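Inspection log for the structure reproduced underneath, given as structure tokens.
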Amino acid sequence: MTATLVVPTALRGFTERKSELSLEGATAGELLEALVALYPDIRPHLFDGEGALRGFVNVFVGEVNIKGTGGLDTPVKDGGSVMIVPAIAGGAGSFPSAGGGRIR
Amino acid sequence: MISLFRDAEALVRSEAEAAYPYECCGLVMGVLDGQDGDLRKGSALVVVANAREGDARRRRFSIGPEDFLRAEREAARLGLDVIGVYHSHPDHPAVPSEYDLSHALPFYSYVIVSVEGGRAGDMTSWRLAPDRSSFAPEPLEVDPGPARPES
Ligand SMILES: [Zn+2]
């Protein structure tokens, strides 16, 4: 089964600037695995060390966020469309200690 | 480098002051130029209501995926891209926090404005390192923007 995966601007640096990719997969998770197989450097931005989707990565199958529909097991129709949609979080809390060197 | 049209820069400041003592947030739309989109012009904003609640908004902001999707579609309609994120740091310097770092996405310009006692101050921009280890400062300049007829 083939579906279209829509990649947000932020991650197109990993996909040769392509915004849409035609990939094989029957579920949202399989499509993401196909993406990572093609562009391995994208993995750390999608998944944490345990292989779970990062909190700021949302996946929509059609118009529906997979968080409410079975997560990565959500089925994808042949010819369907899957979107990676970021959520953004941040704030002023917790600063690095002086000399911590993480922020240049 | 990111250059923000003056109107967009002024709107970041006024939103930051209006939201004080809470954090304001939103997305920056514009065009990408140069190698790897490293020269960017921010021409318009999508103002987003901080999705955090109550007092959490003093030190945190969040932009949900539905708002993000709305902004991506608005940008596409205008022939623009979502190129960055802005938020304010009430009574904190315009420097990314550890929390900003752990939640950051690559590529986007992270524009931060400090608000001291209700007055917008320093504005800075930052980009996440590809290995997620740190933010690097990104030069930010204000562009007068397209000429408008005098009124
Ligand atoms: Zn912040």
Side-chain angles (χ1 to χ4, degrees), chain A residues 5-20 28 39-49 53-69 71 81-104, chain B residues 23 25-27 32 36-37 48 50-52 56-69 72 75-76 81-85 87-108 110 112 114-115 126 128-137:
Chain A
L5 184 67
V6 182
V7 180
T9 326
L11 298 177
R12 287 177 206 160
F14 301 98
T15 62
E16 305 168 88
R17 311 283 344 141
K18 288 177 191 156
S19 59
E20 294 191 355
Y39 302 109
D41 290 345
I42 205 169
R43 178 183 284 281
H45 299 291
L46 297 179
F47 298 102
D48 66 17
L53 269 188
R54 286 189 176 273
F56 50 78
V57 175
N58 294 270
V59 179
F60 282 63
V61 172
E63 295 294 311
V64 182
N65 192 330
I66 63 168
K67 276 187 179 148
T69 58
S81 167
V82 174
M83 281 183 289
I84 299 173
V85 182
I88 310 273
S94 109
F95 283 86
S97 55
R102 293 192 68 186
I103 286 172
R104 295 196 292 257
Chain B
E23 295 195 3
C25 59
L27 298 165
L32 299 165
D36 302 323
V48 176
N50 188 344
R52 297 296 292 251
R57 291 171 298 175
R58 285 178 186 271
R59 288 161 72 78
R60 291 281 185 270
F61 76 92
S62 99
I63 298 173
E66 286 76 15
D67 280 323
F68 202 94
L69 199 52
E72 285 269 12
D81 273 312
V82 173
I83 63 167
V85 186
H87 73 287
S88 61
H89 278 184
D91 299 317
H92 277 286
V95 174
S97 65
E98 286 286 346
Y99 191 85
D100 287 329
L101 180 65
S102 62
H103 291 74
L105 282 139
F107 181 82
Y108 292 126
Y110 278 76
I112 303 178
S114 161
V115 190
W126 307 78
L128 181 67
D131 66 359
R132 308 194 55 85
S133 64
S134 62
F135 270 110

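Protein chains get the first letters and strands the later ones, always in sequence-line order, with residue 1 at the start of each. Please read these numbers as outputs of a predicted model, since none were measured by experiment.
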Where does B:L32 contact chain A at under 4.5 Å (heavy atoms): side chain, backbone, both or neither?
side chain
One option among B:V82, B:N50, B:I63 has the most heavy-atom pairs under 4.5 Å with chain A, and it is B:I63
Which heavy-atom pair separates A:H45 from B:P130 by the least distance, and what is that distance?
NE2-O, 3.5 Å
Count the heavy-atom pairs under 4.5 Å between each of B:A56, B:S62, B:P65 and chain A, then report the option with the highest count.
B:P65
Closest non-hydrogen atom pair between A:G90 and B:D100, with its separation:
CA-OD1, 3.0 Å
Does A:T9 reach the side chain of B:E72, with side-chain heavy atoms less than 4.5 Å apart?
yes
Taking all non-hydrogen atoms of both residues into account, name the closest pair between B:L105 and A:P86 and its distance.
CD1-CB, 3.5 Å
Looking only at heavy atoms, the pair that brings A:P44 and B:R132 closest together is O-CD, 4.1 Å
How many angstroms lie between CZ in A:F56 and OG in B:S102, if you round to the nearest 0.5 Å?
8.5 Å
At a heavy-atom separation under 4.5 Å, does B:A51 approach chain A through its side chain, its backbone, both, or neither?
neither
Closest heavy-atom pair and its distance - B:E23, A:A92:
OE2-N, 2.8 Å
Considering only heavy atoms, which portion of A:D41 lies under 4.5 Å from any heavy atom of chain B: side chain, backbone, both, or neither?
neither
What distance do B:F68 atom CZ and A:F60 atom CZ have between them, rounded to the nearest 0.5 Å?
11.0 Å
Please name the pair of heavy atoms, one in A:A10 and one in B:P106, separated by the smallest distance, quoted to 0.1 Å.
CB-O, 3.5 Å
Can you tell which part of B:S88 gets under 4.5 Å to a heavy atom of chain A, answering side chain, backbone, both or neither?
neither
Please say which of B:V48, B:V85, B:D67 ends up in a side chain to side chain contact (heavy atoms under 4.5 Å, CB included) with A:I88.
B:V85
